[in-house]
Amino acid sequence: MAPHFRPRRLTTAALTVVLAVLVAACAPAHPNSIFHNHTDFNRDIGHLFDILIWLGSFVFLFVETILLVTLIKFRKREGQPAPVHVHGNTKLEILWTSIPALILAVIAVPTVRTIFKTEAPAAAGALQVTVTGHQWWWEFQYPEYGITTANELYLPIGRTVNFTLKTADVIHSFWIPGLGGKRDLISNHTNYLWFTPDSVGDDVFNGFCAEFCGTSHANMRFKVFTVKPAEFAAWAKHEAEPAVALDTTAAPAAKGAAPALQVAQAAAATESFVSFPRKDIPAYAVPETPIPAGMNFDPAIVGNAAAGQALISAPNSLCLACHTIKGNPMMQSPLGPDLTHVASRSTIAGGLYPNDQQHLELWIKNARVMKPGVIMYTLGKGQIDPATGKTTQFGNLTDQQIADIVAYLQTLK
Ligand code: CUA
């Protein structure tokens, strides 16, 4: 027997779904929503969205009401003669062509105005930040301050920031849902994006690559911290400084790296604002990527920072082929992320893992397992390089050597 049509039951089901969706939308925690209105850019887009959604909803309700009324009023009835066929109605044709045309013309005014406003050059005096997309991480340069950093942006509240968007390889797209974007990073073409972060409260934002760019596209993330102007000034001053060099001559004696490390930490403590406090970073901005199966590192191994600095700066070191550490003349390559103040960042690997001892050790041991497709070599002794399926020929670093390098990197506050 064919199922009996029950309009009331169907309506109840439809209403339940609509209600569930509405209630879900009302939940407060949507950190990556574009509707937080923390910048002029997002407010303008939000305003336009409101106009379009209200007009669209009105048109939808109007059309659906006519449709439903027609369906019910003219439904088939017993003994009813066939309806009279008609062809064309000039008055109606003109009406239903001109009304949508009028609505589109009305919508065009705020739309075009918003496009012109958000595409216009940024105001003079804007903070300039050059963004370069790499497979799969973000390079951020603040030319005014002489800063190059990776995967973390600091922006002062109340000052317009103008992003110059470039790519080192393929097309990426720069997107911080809570603040602005998205806008593409295209080869041989420079794009721009500007906005003014202007509110305090939610001050940590997730950023994403929003254009498919290869294996680890989904692992190309970044963080944005909107801070008070004085905090930004302190951060910028600190980031511009070269790294503090450790006394490597003391390396053999300094088992456990305590003296040199303490000196560096003491120096860092004197800065009023070095980085956004880790303890204050909300859960939605802390990566929870699980460690890939088979990756492990003995937590009992204690690194020696001075020995790590000597290792990383040795002429046969592979680290210096790609990375910069300002203040270390051996480390001057711009290919990979700048490590000058790597310890001040909250994440590593394009926002994929928290920046702590364990993740750094595993990263150096076998980055290619930790993040699919990554260019950085597998450096741990005896590790299988997933790109070749063979034991790596590079680095051949023992766990002790890796722990030493990590101890050194952790001094680079
Ligand atoms: Cu870069 Cu997707």
Side-chain angles (χ1 to χ4, degrees), residues 30-34 39 41-42 45 118-119 128-143 147-155 161-195 204-225 284-290 292 322-324 333-339 342 345-355 359 363 366-378 386-387:
H30 291 283
N32 300 324
S33 161
I34 64 165
T39 59
F41 185 100
N42 268 10
I45 302 285
T118 55
E119 291 283 336
Q128 301 293 333
V129 177
T130 304
V131 177
T132 308
H134 296 260
Q135 285 174 313
W136 291 273
W137 59 282
W138 299 88
E139 182 177 358
F140 299 124
Q141 288 172 304
Y142 295 69
I147 295 168
T148 301
T149 182
N151 305 323
E152 279 187 9
L153 273 173
Y154 279 76
L155 302 176
V161 53
N162 184 39
F163 297 101
T164 301
L165 306 170
K166 300 175 176 188
T167 175
D169 35 57
V170 300
I171 300 177
H172 305 274
S173 185
F174 181 75
W175 191 30
I176 313 154
L179 297 174
K182 53 190 88 146
R183 200 153 288 172
D184 280 7
L185 287 66
I186 303 170
S187 313
N188 298 320
H189 175 82
T190 303
N191 271 339
Y192 299 91
L193 173 75
W194 61 265
F195 55 68
V204 184
F205 299 89
N206 289 319
F208 303 91
C209 179
E211 180 70 56
F212 182 69
C213 55
T215 312
S216 267
H217 155 68
N219 304 326
M220 186 173 168
R221 312 172 199 166
F222 59 104
K223 304 275 162 252
V224 185
F225 302 99
Y284 64 77
V286 178
E288 290 176 347
T289 317
C322 296
H323 295 286
T324 294
S333 172
L335 292 178
D338 187 305
L339 300 178
V342 64
R345 297 177 209 149
S346 68
T347 64
I348 57 165
L352 193 55
Y353 296 105
N355 184 7
H359 286 94
W363 179 255
N366 202 334
R368 291 183 171 185
V369 167
M370 297 290 280
K371 183 170 176 176
V374 76
I375 293 170
M376 177 154 154
Y377 292 125
T378 293

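None of the values given here were measured: they were computed from a predicted structure. Remember, it's 1-based here, ligands and their atoms both numbered in the order they're listed. All heavy atoms count here, side chains included; hydrogens, waters and symmetry mates do not.
As for H217, its N/O/S atom nearest atom 2 (Cu) of ligand 1 is the one called ND1. Counting just the N/O/S atoms of E211, the one with the shortest distance to atom 2 (Cu) of ligand 1 is named O.
Using a cut-off of 2.8 Å, one finds that M220 contributes an N/O/S atom close to atom 1 (Cu) of ligand 1. Taking 2.8 Å as the criterion, H172 does not count as a coordinating residue of atom 2 (Cu) of ligand 1, since none of its N, O or S atoms falls below it.
Between E119 and R183, the closest side-chain pair of non-hydrogen atoms falls below 4.5 Å. Taking the side chain as every heavy atom from C-beta outward, N206 and R221 never approach each other to under 4.5 Å.
Geometry at atom 1 (Cu) of ligand 1: SG/C213 and SG/C209 form an angle of 120°, nearest 10 degrees.
Between F140 and F163, the gap from one ring centroid to the other reaches at least 6.0 Å. Separation of the F174 and F222 ring centroids falls under the 6.0 Å cut-off.
Residues A168 and T132 approach most closely at N-CG2, 3.9 Å, considering heavy atoms.
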